[in-house]
Asker: 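I have a structure I would like to understand better, so I am pasting it below and will then ask my questions one at a time.
Reminder, nothing fancy here: chain letters follow the sequence lines and each chain counts from 1.
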Amino acid sequence: MTQQTKEPVSAKESIRQTRIQKLAELADKGINPYPYAFDKDADAKDLQEKYKDLPAGEETEDFYSVAGRVMAIRNSGMFIDLMDTTGKIQIFSHKENMDPEMVKTLKLVDIGDILGFYGSIRRTPRGELSIKAKNFKMLSKSLLPLPNKQISEEKLEQLKMYHTMSDTETKYRQRYVDLIVNEKTRDTFRKRSLIIQKVREYLTNQGFLEVETPMLHTQASGANARPFITHHNALNMDLTLRIAPELHLKRLMVGGLSEKIFELSRCFRNEGIDTRHNPEFTMIELYQSYVDYNEMMVLTENLVAYVAQEVLGTTKIKYGDNDIDLTPPWDRKTMLGAIKEYTGVDFGEFFTPKEAYDKAKSMHVEVDEGMNWGQIVEAVFEAKVEPTLIQPVHILDYPREISPLAKVHRDNDRLTERFETRVNGWEIANAFSELTDPIDQRHRFEAQALAKANGDEEAMSIDEDYINALEYGLAPTGGMGMGIDRLVMLLTNSPTIRDVIAFPTLKKVEN
RNA sequence: GCGCUUGUAGCUCAGCAGGUAGAGCACUCCCCUUUUAAGGGAUAGGUCGCGCGUUCGAAUCGCGCCAAGCGCACCA
C-alpha cells in the first residue's frame with residue numbers, strides 16, 4: 001500500500017487500515033473473513049455448567065466447537081476470551097496443539113473479531129475452563145476497535161468487565177457497541193424481552209386475545225397528548241400516529257370479538273423527552289367485559305407481581321435507593337382522600353373552581369385561573385401527594401373533567417371510576433370502568449372539544465364513529481393501560497427510559 | 001421551549017491565572033508459549049465538538065452554533 005504522507009490519520013483510522021491489511025493477508029491464505037456459516041455445537045454457559053466440577057489442571061478428550069467474539073487476548077494469543085450470547089469461555093491456543101499455519105493465522109486475529117474454535121475441554125492450573133484449540137475459523141473480521149478495558153482501582157468486580165463505555169451519546173447512538181461491551185445493557189434488553197413475553201403469557205393464560213389495531217389514525221384520540229402528523233400520498237390525507245389504541249380496542253369490544261382482549265402497542269406522542277418519556281413508547285392496553293375498575297386493580301397487581309416473580313424470582317425489588325414490595329394486594333387511596341390525608345384539605349367540600357383555585361393558591365400549588373375543579377384537584381395531588389408515593393398504590397376516583405373516557409362514579413357524579421397506579425412515584429397504569437353510555441360519551445367529547453377550542457392542544461376531539469359504535473351497545477367493561485417501558489425500568493433498576501429502549505429518539509447529528 | 005453542566009487520542013481521563021497537548025489501557029513492531037485484568041523493550045497516534053472574536057500567541061478568555069446529560073415546563 002502506498003504511504004500517503006503526513007495527512008493526520010486518527011488512531012481509529014489507522015487501526016482500521018491495519019485491519020484492512022489483515023483482510024488482504026487472510027485472502028492470500030485463501031481465507032474468507034466473512035464466511036457463510038459455522039457448525040457450532042456448544043455454548044459457553046452450557047460448557048461452564050457441564051464441566052463445573054472438572055478440577056484445575058485436568059484435561060479431557062471431549063471436543064467441541066464454539067463461536068463468539070474475541071474480547072481479550074493475553075500472552076501473545078495463548079489465551080483468548082471468547083464471548084458468545086450465553087457467556088464467556090477461554091480459548092487456550094498453545095502453538096504445540098495447532099498446526100503451524102493456524103498459529104500464523106492467529107496473529108491476524110484482533111479483539112472484536114468473531115471466531116469459531118474447535119478443541120478439547122480442559123481446565124487450566126489457574127482454574128479457568130478452556131477450549132484447548134486444535135484449529136479455528138475466522139467468522140467475521142472486525143475493522144473497528146472496541147472501547148478498551150480500563151485500569152482499575154476496583155479490582156475483583158472489574159476483572160469480569162472487559163471493556164467500558166460510559167459516554168451516553170455513544171451508548172444510545174451506537175447501541176451495538178454498548179451491547180458488545182456492557183453486560184448490564186445486554187441483561188436489560190434480555191429482561192425487557194422476557195418481561196414482554198411474561199406479560200403476554202399471563203394474559204393469554206387468563207383467556208385474553210391479542211389483537212392489533214391501526215397505528216395510523218385519521219384522528220388522534222384515547223389520551224390527552226399532541227400527535228405526530230404524517231401524510232398519505234395516494235389518499236392525499238393527513239394521518240396521525242396513534243397516541244393510544246383505546247378507542248379502536250373498545251370498538252372491537254363492541255363487536256364482541258372476545259370478552260377479553262389486549263394489544264401491546266407502540267404509541268407516539270409529540271411531547272418532551274426526559275428520563276421517563278420517549279416520543280415513541282410501548283404500552284399495553286387490555287379490556288375485559290362485565291367487570292369494573294375494581295377487577296382491573298386486582299388484575300394490575302397480579303400481572304405485575306407475576307412478571308416480577310417470573311423474571312426476577314421475587315416481588316420485592318430494589319430501585320435505586322428504594323426497596324419496593326410488589327406483592328399484592330396493593331394500597332388503595334382515593335385521590336380526594338389522599339389529598340386530605342397529606343394536606344388536611346378536603347377538596348370535595350369545594351363546589352366551584354374558584355373555591356378550589358383559591359385554596360390551591362393558598363397551598364402554594366401552581367394553578368391557572370382557567371382551570372376547572374378537576375384540573376385543580378389533579379394539580380394539588382401531583383404537587384402534594386405524588387412525590388411521596390414510592391410503594392405501589394392505586395389512586396382511585398379521578399375527577400370527571402379530566403377523565404373523558406371513564407364512567408361516572410356510582411356514588412359521586414363529580415368523580416369517575418378511574419384509577420392510576422403509582423409505583424416509585426410514577427404512573428405505571430391507568431384504568432377505568434369504561435364509559436359505555438353513548439349519550440354521556442358525546443357530552444364528554446363535547447367538553448373536550450370546547451377545551452380544545454379554547455387552546456388546550458392536548459384535549460380530545462369528537463370521534464363520531466366511536467360514538468356510533470357505542471350506540472350499538474358496549475357491555476360493562478373494565479380497561480387498563482400500562483406503560484411497558486416504565487415497568488421494564490422498574491424491574492431492571494434503570495434510571496432512564498433510554499436505558500430500556502434500544503434506540504431512543506435523539507437529534508440527528510449532521511456529520 | 002427555558003436554565004445549569006459537559007464535549008481533549010479508539011476508551012477512561014488529566015492539562016484551563018493564555019505560550020500551538022499528556023497518562024493508563026488499546027493499536028504497530030520485537031522478545032517471551034501451558035506465563036492469564038501476563039511480562040520486557042521500542043514506536044506511532046490528536047482540525048483539543050464547530051465557527052467567529054480578543055491577543056504577538058487560544059484546548060485554556062468572550063460570543064454564536066451543534067450534540068449530550070441533568071433540572072423545569074408539557075406529557076405516560
Asker: Whether Arg269(A) engages the ring of Phe228(A) as a cation-pi pair (distance to the six-membered ring centre under 6.0 angstrom, angle to the ring normal within 45°) should be assessed.
Answerer: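 No - Arg269(A) does not lie over the ring of Phe228(A) by the 6.0 Å and 45° rule.
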Asker: Within 45 degrees of the axis of the six-membered ring of Phe503(A) and under 6.0 Å from its centre: does Arg175(A) put its NZ or CZ there?
Answerer: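 No, a cation-pi geometry is absent between Arg175(A) and Phe503(A).
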Asker: Can you check whether Arg16(A) has a side-chain N or O nearer than 4.0 Å to OP1 or OP2 of G10(B)?
Answerer: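 Negative; the distance criterion is not met.
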Asker: Base, sugar-phosphate alone, or nothing: which one does Tyr172(A) contact when heavy atoms must sit under 4.0 Å apart?
Answerer: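 Contact class for Tyr172(A): sugar-phosphate only.
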Asker: Give a yes or no on whether a donor-acceptor pair under 3.5 Å exists between the nucleobase atoms of C74(B), that is its base, and the side chain of Asp274(A).
Answerer: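 Answer is yes: a donor-acceptor pair is held.
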Asker: Rounded to whole Å, how long is the line connecting atom CE of Met71(A) with atom C1' of A26(B)?
Answerer: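 Between C1' of A26(B) and CE of Met71(A): 13 Å.
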Asker: Rounded to whole angstroms, how far apart are CD1 on Ile20(A) and C1' on U28(B)?
Answerer: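 My rounded result for the distance is 16 Å.
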Asker: For Asp178(A) and U12(B), give me the distance from atom CG to atom P, rounded to whole Å.
Answerer: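 Value for this atom pair: 11 Å.
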Asker: Expressed as a whole number of angstroms, how long is the span from Arg226(A):CZ to C74(B):P?
Answerer: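 After rounding, the gap between these two atoms is 11 Å.
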Asker: Tell me the partner of U60(B), counting only Watson-Crick (N1-N3 plus N6-O4 or O6-N4) or G-U wobble (N1-O2 and O6-N3) with both under 3.5 Å; none if nothing fits.
Answerer: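 Matched U60(B) with nothing under the 3.5 Å cut-off.
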Asker: Need one value for Glu13(A): base, sugar-phosphate or nothing, where a base atom within 4.0 Å counts as base even if backbone is also close, heavy atoms only.
Answerer: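 The residue Glu13(A) makes no contact with any strand.
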Asker: Answer yes if the ring centres of Tyr118(A) and Tyr64(A) are under 6.0 angstrom apart, and no otherwise.
Answerer: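 Ring centroids of Tyr118(A) and Tyr64(A) are no less than 6.0 Å from each other.
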Asker: Would you indicate which nucleotide in G10(B), C74(B), G69(B) comes nearest to any side-chain atom of Ser10(A)?
Answerer: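 From the listed options, G10(B) comes nearest.
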Asker: Round to the nearest Å and state the distance from Lys12(A) atom NZ to A9(B) atom C1'.
Answerer: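 Between C1' of A9(B) and NZ of Lys12(A): 12 Å.
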Asker: Between Thr170(A) and Pro125(A), which residue's closest nucleotide on RNA chain B lies nearer the 5′ terminus?
Answerer: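 First, find each residue's nearest nucleotide; the 5'-ward one identifies Thr170(A).
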Asker: Only pairs with both distances under 3.5 Å count, Watson-Crick or wobble alike; so what is the partner of C48(B) in this structure?
Answerer: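 Result: none.
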Asker: Whether the side chain of Arg69(A) engages the backbone of Met83(A) through a donor-acceptor N/O pair (distance < 3.5 Å, no angle test) should be reported.
Answerer: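 Here the side-chain-to-backbone pair does not exist.
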Asker: In Watson-Crick or G-U wobble terms, both distances under 3.5 Å, what is the partner of U43(B)?
Answerer: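 With both distances under 3.5 Å required, U43(B) matches none.
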Asker: Which base sits across from U34(B) as a Watson-Crick or G-U pair, both distances under 3.5 Å?
Answerer: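 Its partner is none (no Watson-Crick or G-U wobble pair with both distances under 3.5 Å).
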Asker: Counting the benzene-type ring for Trp, do Phe419(A) and Trp330(A) have ring centres under 6.0 Å apart?
Answerer: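 Aromatic pair excluded; centres sit 6.0 Å or further apart.
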Asker: Please say whether more than 12 non-hydrogen atoms of neighbouring residues, nucleotides or ligands are located less than 6.0 Å from NZ in Lys452(A).
Answerer: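 For Lys452(A), atom NZ is crowded (more than 12 foreign heavy atoms under 6.0 Å).
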Asker: Hey, is the side chain of Ser14(A) pairing donor to acceptor with the base of C27(B) inside 3.5 Å?
Answerer: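 No such pair is found, so the answer is no.
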Asker: Does G18(B) pair with anything, Watson-Crick or G-U wobble, both distances under 3.5 Å, and if so, with which nucleotide?
Answerer: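 When the pairing criteria are applied, nothing turns out to pair with G18(B), so the answer is none.
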Asker: How long is the line joining CD of Glu169(A) and C1' of U6(B), in whole Å?
Answerer: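 Result: 11 Å.
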Asker: Rounding to an integer number of Å, can you tell me how far Arg19(A) CZ sits from U28(B) P?
Answerer: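 Answer to the nearest Å: 7 Å.
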Asker: Rounded to the nearest Å, what distance is computed from the CG atom of residue Asn75(A) to the C1' atom of nucleotide U36(B)?
Answerer: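 Interatomic distance, CG of Asn75(A) to C1' of U36(B): 5 Å.
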Asker: Give one of base, sugar-phosphate or nothing for Leu144(A), where a contact means two heavy atoms less than 4.0 Å apart.
Answerer: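 The residue Leu144(A) makes no contact with any strand.
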Asker: Under a 3.5 Å cut-off for both distances, is A23(B) Watson-Crick or wobble paired, and to whom?
Answerer: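 Looking at the geometry, A23(B) pairs with U12(B).
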Asker: Using a 4.0 Å heavy-atom cut-off, does Lys107(A) contact any base of the nucleic acid, only the sugar-phosphate backbone, or nothing at all?
Answerer: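 Nothing, no heavy atom under 4.0 Å.
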Asker: At 4.0 Å (heavy atoms only), tell me whether Thr275(A) reaches a base, stays on the sugar-phosphate, or touches nothing.
Answerer: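 Contact class for Thr275(A): sugar-phosphate only.
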Asker: What contact category does Asn224(A) fall into here, base, sugar-phosphate, or nothing, at under 4.0 angstrom with non-hydrogen atoms?
Answerer: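 Touches sugar-phosphate only.
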Asker: Ring centroid separation for Tyr293(A) and Phe432(A), is it under 6.0 angstrom?
Answerer: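 No, the ring centres sit 6.0 Å or more apart.
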Asker: For a quick check, tell me whether the side chain of Glu96(A) and the base of U34(B) share a donor-acceptor pair closer than 3.5 Å.
Answerer: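 Between U34(B) and Glu96(A), which were checked side chain against base, a qualifying N/O pair under 3.5 Å is absent.
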Asker: Partner of A67(B) by Watson-Crick or G-U wobble geometry, both contacts under 3.5 Å, or none?
Answerer: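 By the stated definition (distances under 3.5 Å), U6(B) pairs with A67(B).
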Asker: Counting the atoms with a prime plus P, OP1 and OP2 as sugar-phosphate, which does Gly483(A) contact under 4.0 Å by heavy atoms, base, sugar-phosphate, or nothing?
Answerer: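 Gly483(A): no heavy atom of the nucleic acid under 4.0 Å.
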